[in-house]
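Order of listing sets the numbers, starting from 1, for every ligand and every atom in it.
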Amino acid sequence: CPSSPKHPICPSEKCGVLNVTKITDNGKKVRKSWTSSWTVLQGTSLLFAKGQGGGTSWFGGNQSKPEFTVDLRGGSVEWASRDKSSKKHVIELKTRQGTELLIQSEIDSVINDWYKALVETISAHAWE
Ligand code: I3S
């Protein structure tokens with residue numbers, strides 16, 4: 001995982017900056033709000049920290065916590081249909097808890113790698 005000057009620590013298999021919005025929260029539809037998030041895949045958890053310009057404080061250190069975490073076990077991932085977003089390269093992630101997220105990057109190779117990583121994580125833990 002490449003480190004960046006703003007995020008020197010990457011303790012996980014995969015991390016990077018992605019555009020993210022929730023569309024459903026525990027089964028309830030919510031208004032879209034795209035934000036750029038530092039995203040970390042750690043085991044079966046996907047963690048998001050809001051904002052990429054927040055100085056050194058980051059949840060890999062000891063000062064701050066992730067903004068939001070989802071458990072990938074029992075979830076599903078697919079490429080979002082055009083009615084979900086007008087953006088390119090959008091992944092739709094659904095959790096067992098009934099939260100749906102859209103995850104996007106303008107860079108094909110970046111989003112394709114995330115897609116693979118999410119599919120692998122979900123299928124590797126399918127029986128948990
Ligand atoms: O699915 P929608 O409602 O077309 O999503 C768009 C809106 O969330 C829009 O914000 P407001 O209508 O709340 O101002 C966002 O700016 C757009 O990015 C959303 O659409 P895309 O197609 O970019 O996901």
Trainee: Taking only heavy atoms of the protein into account, state which residues are under 4.0 angstrom from an atom of ligand 1, in chain and number order.
Mentor: R31, K32, W34, S85, S86, K87
Trainee: Could K84 and W79 be counted as a cation-pi pair, given that NZ or CZ must be under 6.0 Å from the ring centre and within 45° of the axis?
Mentor: no
Trainee: I need the minimum non-hydrogen distance between G27 and T24, along with the two atoms involved.
Mentor: C-CG2, 3.4 Å
Trainee: Please evaluate residues E92 and S85 with respect to the criterion side chain to side chain contact (heavy atoms under 4.5 Å, CB included), reporting the C-alpha separation (whole Å), side-chain torsions for both, the decisive distance (0.1 Å), and the verdict.
Mentor: CA-CA 10 Å; E92 186 178 0; S85 177; over 6 Å; no
Trainee: Tell me whether D25 is salt-bridged to K28, with the criterion being a basic N under 4.0 Å from an acidic carboxylate O.
Mentor: no
Trainee: Under 4.5 Å between side-chain heavy atoms, counting indirect links through other Ile/Leu/Val/Met/Phe/Trp/Tyr residues: same cluster for V20 and V119 or not?
Mentor: yes
Trainee: Could you check L93, L18, V77 and say which one makes a side chain to side chain contact (heavy atoms under 4.5 Å, CB included) with W114?
Mentor: L18
